[in-house]
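Just so it is clear, the model here is predicted, and its values are computed rather than measured.
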Amino acid sequence: LFRFAPGARLPTHQHLGRVHAFTLSGRWRYLEHDWVATPGSYALEPSGSVHTLEVPADATEPAVVLFVSEGAMVLVAEDGAPQLIWDTRAMIEIYRSALAGRGVAAPEGIA
């Protein structure tokens with residue numbers, strides 16, 4: 001479950017498995033496509049898809065999106081070259097680091 005502030009932009013990335021995205025609130029889009037996800041939207045990202053998620057800067061609220069990811073994602077450079085792989089272990093470490101930076105203990109059950 002992710003909360004993206006207005007103006008947030010993720011690095012361009014490729015998914016190595018399918019991703020299901022359920023928008024709970026706010027709006028977001030991929031720079032490579034002309035649609036905008038709004039509350040209640042569902043998107044299926046096929047394995048191999050490459051995109052850049054952005055919440056428009058003029059959004060009036062954060063976008064809250066539940067992603068169900070079936071594999072790792074690869075951050076890619078402008079030329080398409082792989083830069084970094086984020087898998088489940090990497091995402092847990094990013095989460096733990098963000099919590100620690102705010103002085104919050106990780107919940108039980110997070111390995």
Side-chain angles (χ1 to χ4, degrees):
L1 183 64
F2 287 83
R3 179 185 309 261
F4 302 106
R9 181 182 289 182
L10 293 184
T12 302
H13 57 278
Q14 177 182 34
H15 292 282
L16 302 182
R18 292 183 305 176
V19 176
H20 305 271
F22 303 90
T23 304
L24 304 178
S25 64
R27 58 190 173 100
W28 59 277
R29 67 188 187 114
Y30 292 129
L31 297 181
E32 297 80 7
H33 301 285
D34 62 356
W35 59 270
V36 176
T38 57
S41 294
Y42 165 76
L44 172 63
E45 303 170 6
S47 179
S49 64
V50 177
H51 46 254
T52 310
L53 185 149
E54 177 186 71
V55 176
D58 66 350
T60 59
E61 65 179 318
V64 178
V65 186
L66 173 64
F67 291 102
V68 179
S69 182
E70 297 176 357
M73 75 179 198
V74 179
L75 303 185
V76 296
E78 286 184 27
D79 65 0
Q83 298 296 301
L84 179 68
I85 296 176
W86 281 355
D87 59 7
T88 302
R89 176 61 50 200
M91 294 302 287
I92 289 171
E93 290 306 315
I94 291 167
Y95 177 64
R96 284 180 164 282
S97 178
L99 290 175
R102 289 171 178 76
V104 177
E108 289 187 38
I110 302 295

### Task
Identify the two heavy atoms, one from P6 and one from A57, that lie closest to each other, and give their separation to 0.1 Å.
CB-O, 4.0 Å
#### Entry: Which atom of L99 lies closest to which atom of A105, heavy atoms considered
CD1-O, 4.2 Å
### Message
Please find the pair of heavy atoms, one from P39 and one from S25, that lie closest to each other, and give the distance.
### Response
CG-CA, 3.9 Å
### Message
With rounding to the nearest 0.5 angstrom, report the CD to CG distance, Q83 to L75.
### Response
8.0 Å
#### Entry: side-chain hydrogen bond (donor to acceptor under 3.5 Å, both in side chains) pairs, two or more places apart, involving residues 58-77
R18-E70, H20-E70, R27-D58
### Query
Between E32 and T52, do the side chains contain an N or O donor and an N or O acceptor separated by less than 3.5 Å?
yes
### Verdict with supporting geometry, F4 and L53, side chain to side chain contact (heavy atoms under 4.5 Å, CB included)
CA-CA 10 Å; F4 302 106; L53 185 149; 4.2 Å; yes
### Task
Test F2 against V64 for side chain to side chain contact (heavy atoms under 4.5 Å, CB included), laying out the working first.
CA-CA 6 Å; F2 287 83; V64 178; over 6 Å; no
### Query
Are F67 and I94 grouped together when hydrophobic residues (ILVMFWY) are joined by side-chain heavy atoms under 4.5 angstrom apart?
yes
### Query
How are the rings of H15 and H13 set relative to one another: parallel (under 30°), tilted (30 to 60°) or perpendicular (over 60°)?
perpendicular
### Task
Mind telling me whether Y42 and F22 have parallel, tilted or perpendicular rings, with 30° and 60° as the class edges?
tilted
### Minimum heavy-atom distance between V65 and A21, given as atom pair plus value
CG1-CB, 4.2 Å
### Query
How many angstroms lie between atom CG of L10 and atom CG of L31, to the nearest 0.5 angstrom?
10.0 Å
### Query
Residues sharing I85's hydrophobic cluster, by side-chain heavy-atom contacts under 4.5 Å among ILVMFWY, directly or via others?
L16, V50, V74, V76
### Query
Under 4.5 Å between side-chain heavy atoms, hopping through other hydrophobics if needed: is there a path connecting M73 to V68?
no
### Query
Would W28 and L44 show up in the same hydrophobic cluster when neighbours are defined by side-chain heavy atoms closer than 4.5 Å?
no
#### Entry: Gap separating the OG atom of S41 from the CZ atom of R29, nearest 0.5 angstrom
14.5 Å
### Query
How many angstroms lie between atom CG of L1 and atom CZ of R3, to the nearest 0.5 angstrom?
7.5 Å
